[in-house]
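Index from 1, following the sequence.
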Amino acid sequence: MRSRVGAEYRRRVHPALRARIRRLRTPAPPRQERCVTVVVTKVDGRPDEVRSCLDSVVRSSYRNTEILVLIDRASRSIAAVLRSYARWDPRIRIVDQPVGSPPSPPSTLPNGHYLMVIEASERLEKMAVARLVKVLRLSESDFAVALDDQGSDEASWMSADSARLDGMNCVGLTIATCPDHPAADSMSGKLFRHEFLTDLGWTVNVAPTIDQRHLVDRAYRWGRFDLVNASGPLVARR
């Protein structure tokens, strides 16, 4: 009987509302005073792909979060999905940002102290934001990188000397102290201090078209970074 009621609850109640109810019924974890902005880009795939991504974001264990969804003339079906999530989760803001449009108004700019960018084809592991924030909060680094110790491409770029994690995190690294840093790829799996990301030239307006590989390469060369050891990918592509 209980399983039947649970199945009916999941069928009738929107995932964003279920996540909101869970947040209201359980106390907030400690040390979440600093806001994190999660920016969802490339919302041009299938509606079920967008739902899967937003489900993972709204279920994040880090509560103090704002969610910006950047769209450029989204299809009617995807627009309906976004409106349904924004209806039940007040943290979600939909930013209609056509390529080449004027600068965004202040009301749509990120407010978070930290910022993470993911694509709509990706999923955010439940503890990902909390784990990355914890490390950055304890260091003076500009961004944190999640390393998958199960053989991810980023982990494989580490040499025997620099891959001395042994289950621990390494903080405050630079190219000089970690010459075999993970190769520049995309912004996924990384948490940036918002001010540092702005200094690199990232803004809401350029987010849909920015060369992420080039931006991340400059981040490694100009900033300090933390390597966060993980048992699996914190941001995974579907």
Side-chain angles (χ1 to χ4, degrees), residues 15-16 18-20 22-23 26 28-43 49-70 85 89 91-92 110-139 141-155 158 165 167-171 173 181-182 184-194 196-197 202 207 212 215-216 219-220 223 225-238:
R18 297 202 304 266
R20 187 178 181 184
R22 284 195 295 270
R23 292 195 301 272
T26 57
R31 299 188 182 278
Q32 293 196 358
E33 63 277 3
R34 290 188 169 178
C35 178
V36 173
T37 299
V38 177
V39 180
V40 182
T41 64
K42 298 188 178 180
V43 189
E49 192 175 70
V50 177
R51 288 192 196 94
S52 180
C53 176
L54 292 179
D55 279 350
S56 71
V57 175
V58 300
R59 292 172 182 169
S60 170
S61 65
Y62 198 87
R63 305 280 189 86
N64 191 4
T65 305
E66 70 168 356
I67 305 163
L68 298 186
V69 183
L70 306 187
Y85 276 83
D89 195 326
R91 301 174 302 170
I92 296 177
N111 296 312
H113 182 83
Y114 303 113
L115 194 144
M116 173 181 283
V117 177
I118 67 171
E119 297 179 6
S121 59
E122 298 171 327
R123 288 181 56 86
L124 190 64
E125 194 271 333
K126 185 175 181 180
M127 298 294 293
V129 174
R131 294 183 66 177
L132 293 170
V133 168
K134 180 179 179 181
V135 175
L136 274 187
R137 183 173 53 81
L138 298 175
S139 73
S141 298
D142 300 301
F143 64 105
V145 183
L147 290 180
D148 177 5
D149 64 5
Q150 293 182 340
S152 72
D153 289 339
E154 284 184 316
M158 303 295 288
L165 298 181
M168 303 298 289
N169 303 322
C170 292
V171 300
L173 300 173
H181 61 85
D185 49 3
S186 70
M187 298 174 72
S188 296
K190 302 170 181 62
L191 184 72
F192 295 85
R193 293 190 188 274
H194 189 186
F196 176 70
L197 202 57
W202 186 96
Q212 292 193 13
L215 182 143
V216 174
Y220 278 121
F225 56 93
D226 301 336
L227 298 182
V228 181
N229 198 35
S231 58
L234 298 188
V235 176
R237 185 169 291 272
R238 291 193 68 204

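Side-chain contact between V57 and M116 is absent, with no heavy-atom pair separated by less than 4.5 Å. Side-chain contact between R137 and R34: absent, with no pair of heavy atoms (C-beta onward) separated by less than 4.5 Å. At a threshold of 4.5 Å between non-hydrogen side-chain atoms, the residues V216 and S186 do not count as touching. Looking at heavy atoms from C-beta onward, I92 lies in side-chain contact with V58 at the 4.5 angstrom threshold. The shortest side-chain heavy-atom distance between V69 and L54 falls under the 4.5 Å cut-off.
Residues meeting the ring-ring contact (aromatic ring centres under 6.0 Å, His included) test with Y114, sequence neighbours left out: none. Residues satisfying the side chain to side chain contact (heavy atoms under 4.5 Å, CB included) test with T65, not counting sequence neighbours, are V38, Y62, I67, R91. Not a single side chain to side chain donor-acceptor pair (under 3.5 Å) links T41 to another residue, sequence neighbours left out. For V135, the side chain to side chain contact (heavy atoms under 4.5 Å, CB included) partners at least two apart in sequence or on another chain are N169, V171, D226, V228. Under the side chain to side chain donor-acceptor pair (under 3.5 Å) criterion, E125 pairs with no residue, sequence neighbours left out. Considering only residues two or more places apart in sequence or on other chains, Q212 meets the side chain to side chain donor-acceptor pair (under 3.5 Å) condition with none of them. Annotation: side chain to side chain donor-acceptor pair (under 3.5 Å) contacts of R193 (sequence neighbours excluded): H113. Residues passing the salt bridge (Lys or Arg N to Asp or Glu O under 4.0 Å) test with R23 are D89, sequence neighbours excluded.
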For this session: Using the side-chain contact (heavy atoms from CB on, under 4.5 Å) rule, take C35 and E66 through it: C-alpha gap first, then chi angles, then the decisive distance, then the call.
Result: CA-CA 7 Å; C35 178; E66 70 168 356; 4.3 Å; yes
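For A120 against V43, the heavy-atom pair with the smallest separation is CB-CA, 3.9 Å. In terms of heavy-atom proximity, R59 sits nearest to R18 at NH2-NH2, 3.7 Å. Scanning both residues, L70 and A207, for their nearest heavy atoms gives CD1-CB, 3.6 Å. Residues R123 and S56 approach most closely at CA-OG, 3.6 Å, considering heavy atoms. Nearest heavy-atom pair, R51 versus Y85, reported as atom, atom and distance to 0.1 Å: O-OH, 3.4 Å. Residues G223 and D142 approach most closely at CA-OD2, 3.2 Å, considering heavy atoms.
For R131 (side chain) and N229 (main-chain N/O), a donor-acceptor pair under 3.5 Å exists by modelled atom type. At distances below 3.5 Å, not a single donor-acceptor pair connects side-chain atoms of E122 with backbone N or O atoms of S188.
In this structure, F196 and F143 have parallel ring planes: the angle between them is below the 30° cut-off, well short of the 60° mark.
Applying the side-chain contact (heavy atoms from CB on, under 4.5 Å) test between K190 and each of I118, L115, V145 identifies V145 as the sole match.
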